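Bear in mind that the values here come from a model prediction, so they are computed numbers and not experimental data. Just so we're on the same page: letters track the sequence lines, and every chain starts at 1.
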Amino acid sequence: MQNRGLNNKKASGWCRKLLSWYDDHRRDLPWRNESDPYKIWLSEVMLQQTRVETALPYYKRFISEYPTLQKLALAEEGRVLKLWEGLGYYARARHFLQAVREVDCQYGGRVPDTAKEFGGLAGVGEYTQAAVLSIAYHQPLAVVDGNVRRVLCRLFAITEDTSKVKMQREMQRIAQHLLDPSRPGDYNQAIMELGALICIPRAPRCEQCPVAKLCEGRKAGIAAALPVKKKKKVLPIKQYTAVVLLQAQKCLIRCRKERLLHGLWEFPNVVTSDDTDVELSSLLSTPVTLAKDVFQLTHEFSHLRWQISIVLGETTGEVQPQGDGWRWVTVEEMDVLPFPAVYQPVVKMVQKKLRDN
DNA sequence: AAAGCGGGGAA
DNA sequence: TTCCCAGCTTT
């Protein structure tokens with residue numbers, strides 16, 4: 001890293017100040033001071049791309065239902081997704097369940113403590129590996145997440161684009177160099193806590209920062225502008241028409257097999273076109289008549305935008321949907337199945353309709 | 001190396 | 001609105 005970084009004497013001052021600040025200011029969170037690797041692992045999975053405040057109630061519900069790894073290993077995926085409903089990035093939940101089942105049968109139920117074995121599990125990347133092994137097993141592995149990238153870019157006034165692989169490796173090397181090997185788990189949580197509470201994205205609270213005097217970005221007056229990121233491109237828009245079909249106090253829904261929202265349930269839908277009704281009739285193998293009333297839903301993902309027209313439908317013949325994963329469900333069954341956030345208003349509307357009948 | 005993958009809170 | 005979050009997998 002050439003001359004970027006702290007020398008050993010400054011690095012020890014950095015660790016002392018950071019850990020001392022953490023000991024005084026850390027938030028009281030249920031997975032802290034927790035020694036069960038399973039619980040620590042769950043918290044790290046839930047916190048991927050997710051804020052602490054958002055994950056907190058999900059974590060509590062999840063641990064309440066699955067207090068041990070062994071209990072989770074026996075769970076049904078649908079139930080796990082229901083507990084994850086609204087948290088997003090549902091592949092996290094499916095990978096975690098898969099990995100936990102693997103730990104249960106391959107490793108006798110004990111979360112492996114080697115990078116090779118733990119890092120080989122589904123959904124465990126470089127970050128999660130370092131986080132769990134350092135926090136649960138006190139191994140000297142430094143984490144690099146969004147918080148750490150921001151803190152390090154400011155600390156060393158790094159202005160390169162950190163999304164590049166070369167810079168990712170640089171970040172990892174700097175982080176590992178700064179790590180306090182005597183308290184690796186606390187150190188990792190401390191630097192992330194600093195990023196979450198003090199060294200925040202827009203307006204860093206430098207006056208409260210325990211290491212402000214070490215900060216090159218602050219010295220150069222550019223801290224708030226770091227890290228430098230490339231601007232994202234415009235979102236593609238996809239338009240769908242989804243139909244609500246009710247028969248005999250039940251509603252027709254389908255389990256998604258696509259990568260996006262895999263395993264979650266939705267209402268029958270096609271890409272909106274001039275003959276949406278024909279396409280829906282084809283999908284359901286029977287003529288479908290669409291009502292005039294339509295209400296629009298929009299949902300923005302990180303990479304695309306959905307515009308969904310919701311319409312009531314009537315059929316004359318017997319519905320024979322193409323493919324599997326279709327079900328006619330009651331109000332009670334809808335309560336139990338996981339739906340993505342975008343369809344929650346439809347779920348509520350359908351349940352009200354069925355109850356009012 | 002880049003794209004795909006959710007949802008929500010903060011400014 | 002815009003940003004971006006205790007990232008991983010697939011292409």
With a 3.5 Å cut-off and sequence neighbours excluded, list the donor-acceptor pairs that the side chains of residues 147-162 of chain A form with protein atoms.
| residue | atom | partner | partner atom | Å |
| --- | --- | --- | --- | --- |
| A/N147 | OD1 | A/R150 | NH2 | 2.8 |
| A/N147 | ND2 | A/D145 | OD2 | 3.3 |
| A/R150 | NE | A/C199 | O | 2.7 |
| A/R150 | NH2 | A/G195 | O | 2.7 |
| A/R150 | NH2 | A/C199 | O | 3.4 |
| A/R154 | NE | A/A223 | O | 2.7 |
| A/R154 | NE | A/L226 | O | 3.1 |
| A/R154 | NH1 | A/C199 | O | 3.3 |
| A/R154 | NH1 | A/I200 | O | 2.8 |
| A/R154 | NH2 | A/I200 | O | 3.2 |
| A/R154 | NH2 | A/P201 | O | 2.7 |
| A/R154 | NH2 | A/L226 | O | 3.1 |
| A/E160 | OE1 | A/R4 | NH2 | 3.2 |
| A/E160 | OE2 | A/R4 | NH2 | 3.1 |
| A/D161 | OD1 | A/S163 | N | 2.9 |
| A/D161 | OD1 | A/S163 | OG | 2.7 |
| A/D161 | OD2 | A/S163 | OG | 3.1 |

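- The side-chain contact (heavy atoms from CB on, under 4.5 Å) test applied to A/E258 returns A/R254, A/R256, not counting sequence neighbours.
- For the pair A/G86 and A/I200, both in contact range of DNA chain B, the more 5′-proximal nearest nucleotide belongs to A/G86.
- Taken from CD in A/Q189 to CG in A/L18, the straight-line distance is 11.5 Å, to the nearest 0.5 Å.
- Comparing the P positions of B/dG6 and C/dT10 gives a spacing of 13 Å, expressed to the nearest Å.
- When rounded to the nearest whole Å, the span between CD1 of A/I191 and P of C/dC5 equals 14 Å.
- Within 4.0 Å of A/L261, counting heavy atoms only, lie sugar-phosphate atoms of the nucleic acid but no base atom.
- For the side chain to side chain donor-acceptor pair (under 3.5 Å) test, no residue two or more places apart in sequence or in another chain qualifies with A/Q344.
- Atoms CZ (A/R92) and P (C/dC5) sit 14 Å apart, rounded to a whole Å.
- A 4.0 Å heavy-atom criterion places the boundary nucleotides of DNA chain B facing chain A at B/dA1 to B/dA11, written 5' to 3'.
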### Protein proximity profile, nucleotides 6-11 of chain C - base contact B, sugar-phosphate-only contact S, no contact -, cut-off 4.0 Å on heavy atoms
BBSSS-

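- Between A/K229 and C/dT2 there is no side-chain polar atom (N or O) within less than 4.0 angstrom of OP1 or OP2.
- For the P atom pair drawn from C/dA6 and B/dG4, the interatomic distance equals 24 Å after rounding to whole Å.
- For A/S302, the side chain to side chain donor-acceptor pair (under 3.5 Å) criterion is met by no residue, not counting sequence neighbours.
- Under 3.5 Å, the side chains of A/S285 and A/Q322 contain a donor-acceptor pair of N or O atoms.
- The residue A/A131 sits apart from the nucleic acid: no heavy atom pair falls under 4.0 Å.
- Residue A/V288 is found in a hydrophobic cluster whose other members, listed by chain and number, are A/V243, A/L245, A/L252, A/V270, A/L280, A/L283, A/L284, A/L290, A/V294, A/V311, A/V319, A/W326, A/W328; membership requires side-chain heavy atoms under 4.5 Å apart, directly or through intermediates.
- Under the 4.5 angstrom side-chain criterion for Ile, Leu, Val, Met, Phe, Trp and Tyr, A/V165 has no cluster partners at all.
- When the C1' atom of C/dC3 is taken as reference, atom NE2 of A/H303 falls 18 Å away, rounded to whole Å.
- Within the structure, salt bridge (Lys or Arg N to Asp or Glu O under 4.0 Å) contacts touching residues 215-229 of chain A (residues at least two apart or in different chains) are A/E216-A/K219.
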